[in-house]
Amino acid sequence: MSKALISIKPQHTGLLWTKVRPTTLSFSSRQTISTAGILYDDGYNGLCLSTRALRTAIERSGVTLDAVYLDACLMNCVEALYELNEVTPYIVSATYYTPDVGGEYSYLVKRLATSANYEQALAGYCDDVADYWLRCEEAGINPGDYKASDINAISSDQLRSAAPALKAFIDQLTQDYSDPQLAQKIDAVSAKALANETEYPLYDLCAYFDSLMVNVPSTALADAARKAKDGMMKSKLNSRVTTLMHR
């Protein structure tokens, strides 16, 4: 096989790589963000690796990775993406939840073997896995485990291009929060993020931008939110949510 997937997926975490290119590093874990941990040692001392430490390890290894696949919940967050965007051109991850069945890596092997390029392979894999999860749900495998499950393929180059707009949004948000009337409206929007487990299960950063544009219209903040959202959306090669809920 001229193209190879590098991954294994035991119960908690796994990684494997090869010198055959393209090279994908895959992790299966849970609740992995920059300030939490990855690769937990559940069988020995409970220690883990931070996402920042993972980035440092990849940098020091001297290995060029064509993609990092984070087969875990909540990893498609700005913090984790920006930690890893300098060490790989592509990141595959979930904004919301990854079912316990996880990704189906045989689909990625097929995509890598048949696609015209790596971007096409990763985008197609996202579709394949989302369809796989829907079939698992219909077959009654782990009932109720597919609520708001999603998978995304992210371009690191496009993500870096979005950075100025994202910073401009944060600066504008900080400035506008000094205005009591605007602060009250911003707080009402931000409260939805705290209820994403119940009332707003698909409330992500782009949804936050949308809410600000609706609730704080015709302001510099709304304009900054619009530009930041456009930049973030351009970084996605593909994105699928298996169970669409009313936001």
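In this chain, numbering begins with 1 at the start of the sequence shown. No experiment lies behind these values; they were computed from the predicted model shown.
With hydrophobic clusters built from ILVMFWY side chains whose heavy atoms lie under 4.5 angstrom apart, Met233 does not share a cluster with Ile154.
Across all non-hydrogen atoms, the minimal contact from Ala222 to Val216 is CB-O, 3.3 Å. Taking all atoms of both residues into account, the shortest heavy-atom contact from Phe209 to Met232 is CE1-CG, 4.3 Å. Of all non-hydrogen atoms in Tyr118 and Leu112, the two that sit nearest each other are CE1-CD2, 3.1 Å. Shown here for Phe169 and Ala228, the closest heavy-atom pair between the two residues is CB-CB, 4.0 Å. Counting all heavy atoms, side chain and backbone alike, Met213 lies closest to Ala225 at CG-CB, 4.2 Å. When every heavy atom of Tyr82 is checked against every heavy atom of Ala162, the shortest pair comes out as OH-C, 4.0 Å.
Taking the side chain to side chain contact (heavy atoms under 4.5 Å, CB included) definition, one finds that Gln175 meets it with Gln172, sequence neighbours left out.
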Verdict with reasoning, Asp171 to Lys167, per salt bridge (charged side-chain N to carboxylate O under 4.0 Å, His left out): CA-CA 6 Å; Asp171 290 343; Lys167 183 179 185 304; 2.9 Å; yes
Show me, pair by pair, the donor-acceptor contacts under 3.5 angstrom made by side chains of residues 180-189, not counting sequence neighbours?
{"residue": "Asp187", "atom": "OD1", "partner": "Tyr177", "partner atom": "OH", "Å": "2.4"}
{"residue": "Asp187", "atom": "OD2", "partner": "Tyr177", "partner atom": "OH", "Å": "3.0"}

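Going from atom CG of Leu212 over to atom CG of Leu173 covers 7.0 Å, rounded to the nearest 0.5 Å.
Enclosure of atom CZ in Arg135 by more than 12 non-hydrogen atoms of other residues, nucleotides or ligands within 6.0 angstrom is indicated.
Ser156 and Asn85 form no side-chain donor-acceptor contact under 3.5 Å, judged by distance and modelled atom types alone. Under the 3.5 Å distance criterion, with hydrogens and angles disregarded, a donor-acceptor pair is assigned to the side chains of Tyr208 and Ser190. A side-chain N or O of Tyr96 and one of Asp204 form a donor-acceptor pair less than 3.5 Å apart.
Here Arg226 pairs with Asp223 in a salt bridge; the nearest charged N to carboxylate O distance falls below 4.0 Å.
The shortest side-chain heavy-atom distance between Leu84 and Thr51 falls under the 4.5 Å cut-off.
Taking the six-membered ring for Trp and the full ring otherwise, the centers of Tyr90 and Tyr69 sit at least 6.0 Å from each other.
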